[in-house]
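Notes follow the structure.
Residue numbers start from 1 in every chain, and the chains themselves are labelled A, B, ... in the order their sequence lines are given, proteins ahead of strands.
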Amino acid sequence: MAAKKVTVSYNPAVIEPKWQSVWQKQKLFSPDLGKSKKPYYNLMMFPYPSAEGLHAGNMYAFTGADIWGRYQRMKGNDVFEPMGLDGFGIHSENYAIKINEHPTEVSKRTEERFYSQLQATGNAFDWTRTLETYDPDYYRWTQWIFIQMFKHGLAYRQKAKVNWCPSCLTVLADEQVIAGECERCKSVVEQRDLEQWFFKITDYADRLLDNLEKINWTEKIKIAQRNWIGRSYGAEVKFKVASREAKQLTTDTLTCFTTRPDTLYGTTFMVIAPDSPLVVTLTTEAQKEVVSDYIKQQQTISAPNLGSQGETLRSQNQDKSGVFTGAYVVNPANNKDIPVYISNYVVSGYGSEAVMGVPAHDQRDFEMASKYNLDIVSTIKSEKETDQDLQEAYVGEGTIINSGDWNGLSWPRDREKILSSLEENGWGKKMTTYHLRDWLISRQRYWGPPIPMIYCQACADRGDSWFITDEAERMVEGNGIKNLKFEISNSAASAAGWYPAPEDQLPVELPYIENYRPTGTGKSPLAQDEKFINVKCPGCGSDARRETDVSDTFLDSAWYFLRYPSVTKNLKFKISNLKLKSKSKEENVESLPWDEEITKHWLPVDMYIGGAEHSVLHLMYSRFVTMALHDWGHLDFEEPFTRFFAHGLLICEGTKMSKSKGNVIVPDAYIKKYGADTLRLYLMFLSPFNQGGDFRDTGMEGMFKFLNRVWRLVQKSISNSQFSISNEQERLIHKAIKRVTEDLEGLRYNRAISGIMEYVNSLEELNSKFKIQNSKVENGISKEAGETLLKLFAPFAPHMTEELWNELGHKESIHFAPWPEYDPVLVIDEVVSISVQVNGKYRGVVVVSADEANNQKVVEERARSFEFVAKYLTSEPKKVIFVPGKTINFVV
RNA sequence: GCCGGGGUGGUGGAACGGCAGACACGCACGCCUCAAGAGCGUGUAAUCGCAUAGAUUGUGAGAGUUCGAAUCUCUCCCCCGGCACCA
């Protein structure tokens, strides 16, 4: 029989663009979000288009996420897989500065470039619902969120020591400072005193921590978040200033936080941080000079402009040093006077910036005490040493000694007893503190959403602010939100003169400023634009000024997933909440950045896939913003991502890809040469997806060959579609389905691909066997075998499988074909190899039928009959261990 | 220092109590071809050996549990990532 078709060779350069355009024309991957029965929101972290284009690392992440989405779709879910650009922010601005262009121009270009590159990767994105964070239609809502934070008392202004990057000329959040250096440019970060906007994320510390138990996230990300929140439970203890200095000091108590209240009796001194305000209130006249010298010396050591020297000096700084303030306080437990020191090992900004020194049970305190000859008193029995010859602090558990009424109690078993006793005695109270700090929002840069706030000096002078308006009053009364009144009255104190821009006037558009470069003065470039700044006060109508800082990029990305499903291209202002734009007051009702119905239906996100580098930044902020929106009654869920999977990092030739190293791989050339399918497979086959991989040029060719093999195999089966399925083939099919399905479920893509390869190998092997028996038929691959192969392969190689599927005569896309299921009976082998061991050492296998595999008698007899076993069984074995279906072990 | 994740052929990686090295890359040899490429086939942990006979050793090092350990437990070393004087 002549072949019906001329076999066409596999040419990705033709079929890939063809199917991409078909998919897009048919809006195949743009589900009707209103009608979906089984919504599945498959999200991946959107890229920030700051550089020359999409790099292989983006492609790696997106491919892995897309495979998951395609698999879910074939399992019958209505998958929504959106894509957008995190194009606002410092990354993009820095790139614009580098190439000496305006960010607006750069963004136009990168947007086009990124989207066309993303098209070429063959991901099933919904191209009708893209978003860009610099789009005014988007950032009006970023600003809206800021305003809600303000109105609910979660955004406040404070003069604070902030991290200042002398190269980026802006402040940085704590999270953006890595080992004292700027996350982006590696400059040593300075401390500056600036008035800034903060979000009170610390109010949510407990929930951010406790909710981690409820979500299905990669464990290491949860651990990172737990560490970052850093909750510790203990007590706040009050130390009264001793009477002899009380007169000359401006404070009468010193409070400190401790996780070890059990060691209170062992507190022999106190230590405060060098940059704490306590230094001023607790230093006596006599010590003023010494203290001031010490502070100066500490400032020199931690001075930022030392470049690489800074690191060395900082590590020298690890040695404990200190100075006596002249002040004594009273240990409430034993009424002893103890000295107050200043030392560099106490960090500011945590707890009360004071620490109780318990040298016997804290290594740092021990070093301090040794250096300054301070008393060491053990309060936990550590068995061996006496206090005098203690070599290091004993930080373990044990029985309490030298501690009055507490003697005999056990630490940590009696923690609560000790804390209660502490409270009853009036020495202090139970307390929890957190490592987490409030989120610093202000950035003195250009390329971001202007913070939508207005400052009125006249109102400020009167002590007025938005918090005294009718709207604020209504909110407190109408909302029924717990603590809102408290939050608001608390915030009102620091908010004098401040009003949010009226919500119906959003967005506060970012003006085009020719010289957008950072100024370094601590003010944003927006401060140059008088037209932008000058505005009437929404409260009293007098002349007022707009806030000129923009918000942190992380605010842009903290809510984008809420927006995607509600994006409607070409109809941007169609959704109900945008009625705001209308002049009519009646229509100006609810205003939300999303469609409520659709949001109810589609959120939270079912699967979020992204890099582990965002464990504490983006992922924490997104959770916080979502929780806040939930509390304000806008969302019916409080965790945005039901499941999060962290993919590994794609590196290049053993090192991290980075522009400075010049080893950034751009996928375009590879797609051109081999096609996106080959590149996708290559990337996913490298190593486990959660582990990352090393991109090397070798290997891509091999993957291309494999695609060609699949192509030929299926092409041949098309011309022999009458071929009926054999028992052997059927077993192969079902085993392959089982293997690939299980590996996909665990996102073990490298294994899934090797499973497909094994399946192809077995089919070919079977085919060549068949050819020998029946030389007239060219090919022995049944239709079922070929179609199953295509389906299993479809998530990985979407274009090629679509083409072949179409050639097989299917009208519907393969990506909507139902995922194959396996028959559990058919995956069981007909014959089983049982390994035979003698004294635990492998000597060979015996092959038995499946139903004999559990029968010890049969297996043992068979095994004994073989020479390779018999020769070791010189005497009757002492013991025979039989593991049904697996192994038999003769112990001689 | 603390918390994660690792350490398996020339390379990427499989196996995660029961035949270590699946699947690939690379390499070698062969077939096909005028030739090249493509394709196909064979081999490929190490050592001994003519051997596609057989044997020994082998999963960072050392101990342990077990009939049996790459897999479980302990101690140590090294690499990668995160946090880092958080009281």
Side-chain angles (χ1 to χ4, degrees), chain A residues 9 178-179 218-224 226-228 230-232 234 237 256-260 263 267 270-271 273 317-320 343-358 361-365 367-368 433-437 612-613 615-616 648-649 651 654 656 681-682 685-688 690-703 705-706 708-709 712 739 748 750-761 764 768 833-845 868 871 877-883 885-892:
Chain A
S9 66
I178 312 294
T218 301
E219 197 53 36
K220 68 171 177 180
I221 305 292
K222 289 195 190 182
I223 291 166
R226 273 185 209 117
N227 290 342
W228 192 260
R231 177 161 70 190
S232 27
V237 185
C256 80
F257 173 73
T258 179
T259 54
R260 292 293 303 274
T263 62
T267 305
M270 297 293 294
V271 202
N317 204 14
Q318 303 281 312
D319 293 336
K320 310 284 170 287
S343 174
N344 54 354
Y345 77 90
V346 179
V347 295
S348 54
Y350 179 79
S352 60
E353 307 191 323
V355 174
M356 53 188 231
V358 189
H361 304 296
D362 182 287
Q363 188 55 28
R364 296 155 303 187
D365 297 341
E367 286 166 31
M368 182 76 184
T433 57
Y434 305 88
H435 180 184
L436 184 73
R437 318 281 169 88
E613 68 273 19
S615 344
V616 290
L649 189 70
I651 57 171
K656 208 169 166 173
L681 277 157
Y682 168 71
F685 188 60
L686 272 181
S687 50
N690 64 352
Q691 202 180 288
D694 195 353
F695 190 100
R696 287 164 204 256
D697 275 5
T698 58
M700 193 102 57
E701 193 78 43
M703 197 48 87
K705 286 179 189 172
F706 177 68
N708 273 287
R709 272 174 68 200
R712 282 195 305 271
R739 166 80 185 269
R748 292 182 295 267
N750 61 329
R751 255 190 64 110
I753 294 166
S754 71
I756 293 167
M757 286 173 165
E758 278 175 36
Y759 176 51
V760 168
N761 290 347
E764 281 183 342
S768 59
S833 300
I834 308 270
S835 83
V836 184
Q837 300 173 1
V838 178
N839 284 335
K841 188 162 179 57
Y842 168 75
R843 291 297 169 184
V845 292
F868 69 78
K871 73 176 179 186
K878 284 184 214 130
K879 208 165 32 162
V880 178
I881 289 148
F882 178 66
V883 184
K886 280 192 176 157
T887 196
I888 185 155
N889 187 7
F890 297 94
V891 185
V892 292

Options B:rA87, B:rA14, B:rC23, nucleotide nearest the side-chain atoms of A:Asn750: B:rA14
Interatomic distance, A:Ile756 atom CD1 to A:Leu681 atom CG [nearest 0.5 angstrom]: 7.5 Å
Mate of B:rG4 where both pairing distances stay under 3.5 Å, Watson-Crick or G-U: B:rC80
Rounded distance (Å) that lies between atom P of B:rC83 and atom CZ of A:Arg226: 17 Å
Sub-4.5 Å side-chain heavy-atom contact between A:Pro877 and A:Val891: no
Pairwise 5' ranking along RNA chain B for A:Thr259 and A:Glu758, keeping only the more 5' one: A:Glu758
Nucleotide forming a Watson-Crick or wobble pair with B:rU66, both distances under 3.5 Å: none
Atom P, compared across B:rG7 and B:rC16: separation rounded to whole Å: 14 Å
Residue A:Thr887, side-chain heavy atoms: nucleotide from B:rG13, B:rG18, B:rA24 that is nearest: B:rG18
Whole-Å gap separating P (B:rA87) and CD (A:Glu367): 16 Å
Separation between the C1' atoms of B:rG81 and B:rU11, rounded to whole Å: 23 Å
Nearest-angstrom distance, C1' atom, B:rA22 to B:rG13: 10 Å
Nucleotide nearest A:Arg709 when distance is taken to its side chain, options B:rG4, B:rA87, B:rA24: B:rA24
Span that lies between the C1' atom of B:rU59 and that of B:rC72, in whole angstrom: 16 Å
Watson-Crick or G-U wobble partner of B:rU75, both distances under 3.5 Å: B:rA61
Distance below 4.0 Å between A:Arg712 side-chain N/O and B:rC40 OP1 or OP2: yes
Closest to the A:Leu686 side chain, choosing from B:rA87, B:rG12, B:rA14: B:rG12
Sugar-phosphate only, base, or nothing, as touched by A:Ser232 at under 4.0 Å among non-hydrogen atoms: sugar-phosphate
A:Ser687 side-chain N/O to A:Gly692 backbone N/O, donor-acceptor pair under 3.5 Å: yes
Who pairs with B:rG39 - Watson-Crick or G-U, where each distance is under 3.5 Å: B:rC31
Inter-nucleotide P distance (B:rA69, B:rU56), Å rounded: 15 Å
Listed nucleotide nearest any side-chain atom of A:Asn761, set B:rG39, B:rA22, B:rA24: B:rA24
Atom-pair distance (CG on A:Asn227; P on B:rG81), nearest Å: 18 Å
Base B:rC85 paired with A:Tyr345 side chain (donor-acceptor, <3.5 Å): no
Sugar-phosphate only, base, or nothing, as touched by A:Gly230 at under 4.0 Å among non-hydrogen atoms: nothing
Listed nucleotide nearest any side-chain atom of A:Trp228, set B:rA22, B:rA84, B:rA55: B:rA84
B:rG21 and B:rA36, which share atom name C1', separated by this distance in whole Å: 35 Å
Residue matched to B:rC50 through Watson-Crick or wobble contacts both under 3.5 angstrom: none
Side-chain heavy atoms of A:Tyr842 within contact of A:Thr887, under 4.5 Å: no
Sugar-phosphate only, base, or nothing, as touched by A:Lys871 at under 4.0 Å among non-hydrogen atoms: sugar-phosphate
Non-neighbouring partners of A:Phe695 that pass ring pair (Phe, Tyr, Trp, His ring centres under 6.0 Å), sequence neighbours left out: A:Tyr670, A:Tyr682
d(CD, A:Glu613; P, B:rC83) in whole Å: 12 Å
Touch class at under 4.0 angstrom, heavy-atom based, for A:Val346 against every strand present: base
Among B:rG4, B:rG18, B:rA87, the one nearest A:Ile223 by side-chain distance: B:rG4
Validation row: A:Arg709, A:Val760 side chains within 4.5 angstrom (heavy atoms): yes
A:Thr258 vs A:Val237 side-chain heavy atoms within contact, under 4.5 Å: yes
Identity of whatever pairs with B:rC85 - Watson-Crick or G-U, under 3.5 angstrom: none
Minimum side-chain heavy-atom gap A:Ile888-A:Val880 below 4.5 Å: yes
Residue mapping more 5' on RNA chain B - nearest nucleotide basis, A:Leu649 or A:Asp365: A:Leu649
C1' atoms of B:rC32 and B:rC23, separation to the nearest Å: 27 Å
Atom-to-atom span, CZ of A:Arg696 to C1' of B:rG26 - whole angstrom: 12 Å
Side chains of A:Asn750 and A:Pro688 in contact at under 4.5 Å (non-hydrogen atoms): yes
What's touching nucleotides 65-72 of chain B from the protein side, N or O pairs under 3.5 Å?
| from | atom 1 | to | atom 2 | distance (Å) |
| --- | --- | --- | --- | --- |
| B:rC67 | O2' | A:Asn889 | ND2 | 3.3 |
| B:rC67 | O2 | A:Asn889 | ND2 | 2.4 |

Side chain of A:Gln691 - closest among B:rG18, B:rG13, B:rA22: B:rG13
Between B:rC40 (C1') and A:Asn708 (CG): distance, integer Å: 14 Å
Touch class at under 4.0 angstrom, heavy-atom based, for A:Lys878 against every strand present: nothing
A:Lys222, NZ atom: more than 12 neighbouring heavy atoms under 6.0 Å: yes
B:rA20 - base-pair partner by Watson-Crick or wobble geometry, distances under 3.5 Å: none
B:rG9, syn or anti by chi within 90 degrees of zero: syn
Carboxylate-amine/guanidinium contact A:Glu219 A:Arg226, below 4.0 Å: yes
Distance between C1' atoms of B:rG18 and B:rC3 (Å, rounded): 34 Å
Identity of whatever pairs with B:rC25 - Watson-Crick or G-U, under 3.5 angstrom: B:rG10
Interatomic distance where CZ belongs to A:Arg843 and C1' belongs to B:rU56 [whole Å]: 10 Å
